[in-house]
Amino acid sequence: MLLKVEHLKTYLRSAGKTVEAVDDVTFHIGEGETFCLVGESGSGKSITALSIMQLLPAGISSHPAGSIYLKQPRGAHDPAGYIDTLTLPERKLRTIRGSRIAMIFQEPMTSLNPVFTIGDQIIEALQLHNPDMGYAEARERTIHALTQVRIPNAARRVDDYPHHLSGGQRQRVMIAMAMACEPDLLIADEPTTALDVTVQKEILNLMQDLQARNHMGILFITHDFGVVCQIGHRLAVMHRGKIVESGTLMEVLKQPKHTYTKQLLASLPQNLKRRQQRQQHRVQTPPVPGEPWDSKSDDAAQALVDLRQLRVYFPVKRGLLHRTVDHIKAVDGVDVQISQGQILALVGESGCGKTTLGRAILRLIEPTAGDIFFSGTNITQIKRSAMRPYRRRMQIIFQDPMSSLNPRLSIATTLTEPMAVHGIGDSQEERLEIARQTLRQVQLEPRYLWRYPHEFSGGQRQRIGIARALVLNPRFIVCDEVTSSLDVSVQAEILQMLLQLRRSRQLTLLFITHDIGVVEYISDETAVMYRGRIVERGATAQICGNPHHEYTQTLLSAVPRIMM
C-alpha cells in the first residue's frame, strides 16, 4: 500500500467550540490506484486531504487519534516500511509536500499567485525540491510539464500570468505544478467541479495518462458520481466526518447499503422523477445566417421572448491610441423564440456566449445589432430609462449568489428594496409580508429576513437569489448556472422548486448550464451554442438522444455517465 489512513480524527476549534471534522476515518490507497472520496459540502472530505498534507493551521486544529502512514520511497534504507506523517516535524514535512505528495486545489485562481507568471511558480516548486537544478533546466522542465498537460504553445504561455488563462487552462497549470516533481501520491480536491464537460474529460484523461506513466496513486475528492465512474477504482462515501460506506464502484453504486448513499444516488438528476408531462414543441433548426427570418411563423407569434439576428460584439483595442483592430463576436446572429411557460436550456462550453446572450436579453449588456422582442415589444428600440417596467417582468438569477448578494444588506432589505423601486406594496410592512410569502415559496423560514448572506449555506443563498427575482412577480427569468456549484441533494431541491414555481406562476425560464443531466431533467427544449451561434435546437429528448450537429455529439460524448 502507498498510503494507509487509520482511525484518523481531526478536530477544529472555533469560538470556544470544537468541531469533529474528521471522526475515525480509515482507508488505504495502493500504487497506481484511484480512490474516490465522495460526499456533500461539510462532510469532511477536504479536511481529510489537508490532514494528509498537514496543511491545517496548527492553532485551530488537532489530531487526538489516528495515523497517516506513507510508504518509504524506493531506495530508502527500509523500503518496505512506512512513515507516520502526523509525527514528522515541519522540516521533514516540507521535503514530502510537493515531492512525494502533491495536491490540486479546487479553485486554481485563488491557488495561483496573481503577481507571478505560471512559469515562475512551477520553477520555484522544482528548484525548492531539487536544489541542484539550475534555472535553465527548471524552465525547460516547466515547459515540458505544461506541454504534458496540453497547454497550447507552452514555450510562449510559460511567461503568462494566471489571469491570461481560461479556467480549464488554470486547472491544467495546477496539475502541471503538482506533477512536475513526479509525486507518488496526488490529491485532487474537486479539480473539475466548475469545468465544461469537454475540458473535464480532457483533464480526467490527462490525469489517468500521467498516473499510468508514473504508477501514481490518486485520492480524488468529488461529489460527481459520473466522474467517479470514469476515473475511480474504489469509492468511499463520507458523511458528517465519517466514512459510512466504501467498496468497489460496482458494490457502492449498484448495491448501496447505507441510507445516506441511497439518498445521494436518488438525488442525481437522472434519478429524479419529473412531476409533470413535458411540453411538446416542434423541433427547430436555426435559420441560416443572412437569410430572412419568417416573422409569420407560429413560434414567433406565440413567443414571449423573440430574438432576431441578435449580435453582441466586444471591440479589441491595441496600440498607444487604443484603436479598435478587431471584435470578439460573443453572440453572432442568434435567432431564438421562447414560448410562455417554456423552459429552454442553453448549453455550451465556457466562452461560447451563453451568459452574454442571457444578459443581452435583459439589456444588462447592450446588443450590437438585432432585435429583442418581449411580449411583442421591441425593447432594443426603447431608451434605457424606459426599461424599468420591463425590468420588473424580466429577471436574472446569477451563478454565484454570494457575489451577487450585498453582504452589508439584510435579507429583508435585499428583498424589499426592489419592490420599493418598482412601486410594489403600499407600505414597508406590506412589502415585508410579500417577502415572507416569497421565502416560504423557496422553502426558507420567514424569520431569516433579519439575517445576512454570510449566515447561510450555498444552497440557502441560491434560494435567496431566486426569492429576490420572484418578489417582482416576473414573467421571464434567466437562470445562469444556478446549480453548478451545489451538492447533488441541494441541486435536486433547487430544480424541483423551480419546476414547482414554473407551474404555480407560469414562469418562462432560460436555463443556462453545462450540466447535461440537469438539462435532461428540467428543460422542455434545448439549444446548443457554439462560438456565439445556436448550432442545434429541438426537444430535449431529441437533442440528448439523437443529436445531429457534430459539436453537440462531441459535447454529449464527453458527459461522464453513471454505470447503474
Side-chain angles (χ1 to χ4, degrees), residues 1-6 8 10 22 25-37 45-56 58 61 63 66-106 108 111-112 121-133 137-138 141-142 144-145 148-149 172-189 191 206-221 231 233-234:
M1 290 297 159
L2 175 62
L3 180 77
K4 295 191 294 185
V5 178
E6 297 182 353
L8 176 66
T10 302
V22 178
V25 163
T26 297
F27 63 88
H28 63 270
I29 304 174
E31 294 181 355
E33 180 186 36
T34 299
F35 181 78
C36 294
L37 196 57
K45 306 186 304 295
S46 294
I47 298 297
T48 300
L50 293 172
S51 297
I52 294 172
M53 292 284 288
Q54 289 292 283
L55 290 177
L56 292 168
S61 65
H63 303 287
S67 303
I68 301 173
Y69 293 112
L70 180 66
K71 187 177 180 180
Q72 292 276 21
R74 296 180 182 87
H77 177 69
D78 183 11
Y82 292 85
I83 53 175
D84 187 351
T85 61
L86 288 182
T87 63
L88 292 179
E90 182 63 26
R91 179 177 57 83
K92 288 283 188 181
L93 283 172
R94 283 198 294 266
T95 64
I96 292 176
R97 295 192 197 111
S99 59
R100 297 207 58 214
I101 306 177
M103 187 166 180
I104 304 169
F105 296 94
Q106 182 172 355
S111 303
L112 293 171
Q121 296 181 62
I122 299 176
I123 289 169
E124 180 184 25
L126 281 169
Q127 291 187 311
L128 181 65
H129 294 287
N130 300 275
D132 297 331
M133 184 180 292
E137 183 183 354
R141 292 232 345 223
T142 297
H144 176 69
Q148 273 192 313
V149 298
R172 294 178 194 214
V173 170
M174 289 296 297
I175 294 175
M177 187 181 300
M179 298 300 302
C181 295
E182 299 180 352
D184 298 320
L185 175 66
L186 177 66
I187 301 174
D189 187 2
L206 170 65
M207 291 177 67
Q208 289 176 310
D209 290 344
L210 294 173
Q211 180 183 39
R213 193 178 308 158
N214 300 325
H215 207 56
M216 171 183 66
I218 296 179
L219 172 60
F220 198 96
I221 297 171
I231 198 171
H233 297 113
R234 289 186 302 113

Counting only heavy atoms not in E124, do more than 12 sit closer than 6.0 Å to its CD atom?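 Open: at most 12 neighbouring heavy atoms sit under 6.0 Å from CD of E124.
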Of all residues at least two apart in sequence or in a different chain, which pass the ring pair (Phe, Tyr, Trp, His ring centres under 6.0 Å) check with Y69?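 By the ring pair (Phe, Tyr, Trp, His ring centres under 6.0 Å) rule, Y69 matches no residue at all.
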Starting at CD1 of I187, measure out to CD1 of I218 and round the result to the nearest 0.5 Å.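 Between atom CD1 of I187 and atom CD1 of I218 there are 11.0 Å.
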Nearest-0.5 Å distance, CZ of residue R100 to CG of residue L186: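 With rounding to 0.5 Å, CZ (R100) is 14.0 Å from CG (L186).
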Heavy-atom side-chain contact between [X] and [Y] under 4.5 Å:
| X | Y | answer |
| --- | --- | --- |
| R213 | Q148 | yes |
| T48 | V5 | no |
| V173 | V149 | no |
| L8 | F27 | no |
| I175 | L210 | yes |
| E137 | N130 | no |

R234 side chain to E33 backbone, donor-acceptor under 3.5 Å: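 Absent.
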Partners passing side chain to side chain donor-acceptor pair (under 3.5 Å) against S46 (at least two apart in sequence or in another chain):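 S46: side chain to side chain donor-acceptor pair (under 3.5 Å) contacts with D189.
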Excluding sequence neighbours, so at least two apart, what forms side chain to side chain donor-acceptor pair (under 3.5 Å) with T34?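 Applying side chain to side chain donor-acceptor pair (under 3.5 Å) to T34 gives Q211.
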For D209, give me all partners under salt bridge (Lys or Arg N to Asp or Glu O under 4.0 Å), at least two apart in sequence or on another chain.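 Here the qualifying residues are R150.
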Who are the salt bridge (Lys or Arg N to Asp or Glu O under 4.0 Å) partners of R141, not counting sequence neighbours?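 For R141, no residue satisfies salt bridge (Lys or Arg N to Asp or Glu O under 4.0 Å) once neighbours in sequence are set aside.
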Locate the shortest heavy-atom distance separating L2 from D184; write the atom from each residue and the value.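 For L2 versus D184, the nearest heavy atoms are CD2-O, 3.1 Å.
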Measure across A180 and I122 and return the closest heavy-atom pair with its distance rounded to 0.1 Å.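 Closest heavy-atom pair between A180 and I122: CB-CG2, 4.1 Å.
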For Q54, which residues count as a side chain to side chain contact (heavy atoms under 4.5 Å, CB included) partner, sequence neighbours excluded?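 Here the qualifying residues are H63, L86, L93, R97.
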